[in-house]
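Note: hydrogens, waters and symmetry copies are ignored here, and every other heavy atom, side chains too, is used. Just so we're on the same page: letters track the sequence lines, and every chain starts at 1.
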There are 4 protein chains.
Amino acid sequence: MARPAVKKQDMENAAIRLFATKGLAQTTVKDIASEAGVTEGALYRHYPGKNAMAWQLFCREIETFSAELGTRMFAPGAPLAARVEASVRFIFDYYGKYPVQFAFILLTQHGFPEERILDVASNPNDMVERFVDEAVRAGEIPSMNSSLASGLVLGLVLQVMVMDRYDRIEIDGSVVDDVVSAVKRVLMIG
Amino acid sequence: MARPAVKKQDMENAAIRLFATKGLAQTTVKDIASEAGVTEGALYRHYPGKNAMAWQLFCREIETFSAELGTRMFAPGAPLAARVEASVRFIFDYYGKYPVQFAFILLTQHGFPEERILDVASNPNDMVERFVDEAVRAGEIPSMNSSLASGLVLGLVLQVMVMDRYDRIEIDGSVVDDVVSAVKRVLMIG
Amino acid sequence: MARPAVKKQDMENAAIRLFATKGLAQTTVKDIASEAGVTEGALYRHYPGKNAMAWQLFCREIETFSAELGTRMFAPGAPLAARVEASVRFIFDYYGKYPVQFAFILLTQHGFPEERILDVASNPNDMVERFVDEAVRAGEIPSMNSSLASGLVLGLVLQVMVMDRYDRIEIDGSVVDDVVSAVKRVLMIG
Amino acid sequence: MARPAVKKQDMENAAIRLFATKGLAQTTVKDIASEAGVTEGALYRHYPGKNAMAWQLFCREIETFSAELGTRMFAPGAPLAARVEASVRFIFDYYGKYPVQFAFILLTQHGFPEERILDVASNPNDMVERFVDEAVRAGEIPSMNSSLASGLVLGLVLQVMVMDRYDRIEIDGSVVDDVVSAVKRVLMIG
DNA sequence: CATGAATGAGCCTTCATTCAT
DNA sequence: GATGAATGAAGGCTCATTCAT
């Protein structure tokens, strides 16, 4: 009978918040521990180390996000344009609702010494690629390099978020509208 | 007699190469020194410290790049579409010719504890923004949020490079063509 | 119902095996627990701490061994040479039969921060010393410094085992014969 | 031009003294540093780490010792018995003159996680083995297993030192005489 | 009796920076 | 200008031990 281990949750929340704010390398184990109200050693009961913890949380967050994104992107029966629109809107909703988690994904993605975001089992990149492939095969959009298309589309969305975090723009409804139509134009939909 | 302080050059080259390869935080002063064939203390003869050195090199690289980019983007007398095309092609040329420098810019941009790329005096972001503003004012493209547009356009280009570095795509002529037309579609040119 | 506290046995066996293999300092409480299939805290149900456990086991093993050795060394009525021979043979038999326990004694003897093998109530050293004293008093061997003689004799036997563990020699019947006669020559028996 | 680096000497002396006194595992880097009057980091300019330092010093000490021992053991032209006697006396002289170094060799020999004394290039064990082989080949002593003989002889000498360090005996001239004759008897010389 | 999360002190190591030479 | 030994402040991690469950 283990105790409710609520401290683990505290540590994970603290870690994500700190990773998202200061970056992986700039966040110390001591930071995480004191933010979570525990001592340093406690981390090592649940994770093999700091980087491993970050990577594990990173995968979990990105997979949670991807799973939900998938239901929009591949909603059965929905027309292509609607699925694109729903997907983009979902991403920005998610970004608005879980800004810390999203910032964590955004800021940490290139910071791992060994691992890479594309190694995560279910990642948005692969999903967009599959989406494009299927659309091409269905004759709904012209033939195109799906890997490239996936990069282009994600570039549009992610960079807008980067600019939001850098206070260059403020994301609101009209911005999202603009991104939706940019994505459609890049994919030559409608 | 002996050549002059060619050591400084060696150190800068080593630093850029290492920062581009391993990232700022993962590169130690000892790494730089030994790669350049000098000792650790030598760095402090030319720079106040490691981060300052990186930031200084970063600004220099980005300004060199920006200056050249500007001549394409604002080529006097050239039509809009041609300037867009020339700009995108230049970016990829530069990326192909100075991959280390470019990776340095790409990988280091989020790695500074204090500074940010948008603070660099002459940065691509501002340039694209100005480009869009002028095009709108000239009635060459529909009215649009230029900050957002700048983000979208840079997102297209940068993410393609990220994917190249992650071996998801290989940049060649047709990829560049595709990016050029994606940028044009996003800016609603032609 | 369930068997009684067989867990304690498991822990002791695991501890002895690990101490013998990796040494005292290199063996962690977690090692012992996981090897024994229990959790870390369980150790403290039976022992005040790791070092105390090791010392207790060490004393137990050495006393068990010493007691049996004593019956050979001081077998009533047996001639001196026979008792020496029986003793040496017993040591090597024991070493062959309980290699882990013996290695534990051998490798751990200098590893305790506070305690020392010579502090154990019944230890081989004291026994050999008494043996020599009595033989001298009985006029069976020339007068000699019994403390020194005890060191010499034990040195012969123990170092052979060390060499066996280091794979420099392989102990077999003829090796034991040689050690027996070496001991006799050192003690000037026969 | 490096400064006289007298601190390195201090650190090595402190390390040897501490390793000999408390053992390898019980000696911390902080101990060594503070005993040598430097800070912890200083160690890492000269050695890759604590264990590496200990092993390096250990090898150096044992090789210094072995080299000198070799000149006695293989003194050209000297008769066998004289060489044995000179060798044993030299060992005890060395032990008396450099008790710390010798204790370091004695106490540390089993404490390395990876390495072993018999792996040292020039070690006493190999030397004694060669000595016995040559003596057998020259017909000066009966045929015998030289590996075993080497173990026996070293067992005699080392265990006497262990007992000295444990205050069970006090080494003086007559003890050394006794060890010399014990060695001769074991090797069946004279 | 057993669990295992948590502690707290300490360990080895790293590294940007300083400074006597 | 250059050297490299030394510093000092962390940093990540380990581990014997405690204790609420």
In Å, rounded to the nearest 0.5 Å, how long is the span from CG of B:Asn13 to CD of B:Glu35?
10.0 Å

What one-letter contact string describes nucleotides 10-16 of chain E from 5' to 3', where B marks a base within less than 4.0 Å of any protein heavy atom, S marks contact via sugar-phosphate atoms alone, and - marks no contact?
-SBBBSS

For the pair D:Phe104 and D:Phe58, name the ring-plane relationship: parallel under 30°, tilted 30 to 60°, perpendicular over 60°.
perpendicular

Show me the donor-acceptor pairs, under 3.5 Å and distance only, between side chains in residues 37-45 of chain D and residues at least two apart or in other chains.
from: D:Glu40; atom 1: OE2; to: D:Lys30; atom 2: NZ; distance (Å): 3.2

Are the side chains of A:Asp119 and A:Cys59 in touch, meaning some heavy atoms are under 4.5 Å apart?
no

I want to check something: taking the side chain as every heavy atom from C-beta on, are A:Val120 and A:Trp55 in contact at a cut-off of under 4.5 Å?
yes

Sole residue of B:Gln56, B:Lys7, B:Arg60 in side-chain hydrogen bond (donor to acceptor under 3.5 Å, both in side chains) with B:Glu12:
B:Arg60

Taking atom [atom2] of [N] as reference, at what distance in whole Å does atom [atom1] of [X] sit?
X: A:Lys22; N: F:dA10; atom1: NZ; atom2: P; answer: 12 Å
X: D:Tyr47; N: F:dA6; atom1: OH; atom2: C1'; answer: 16 Å
X: C:Lys7; N: E:dC1; atom1: NZ; atom2: P; answer: 11 Å
X: A:Gln9; N: E:dA6; atom1: CD; atom2: P; answer: 12 Å
X: D:Met11; N: F:dG4; atom1: CE; atom2: P; answer: 18 Å

Please walk me through it: do A:Phe102 and A:Phe65 pass side-chain contact (heavy atoms from CB on, under 4.5 Å)?
CA-CA 9 Å; A:Phe102 219 99; A:Phe65 167 73; 3.6 Å; yes

Per-nucleotide pairing state of DNA chain E [Watson-Crick or G-U, under 3.5 Å; [ ] pseudoknot-crossing; | other strand]
.||||||||||||||||||||

For E:dC1, take OP1 and OP2 only and decide whether either is under 4.0 Å from a side-chain N or O of C:His46.
no

Distance under 6.0 Å and angle within 45° of ring axis: C:Lys8 vs C:Tyr47
yes

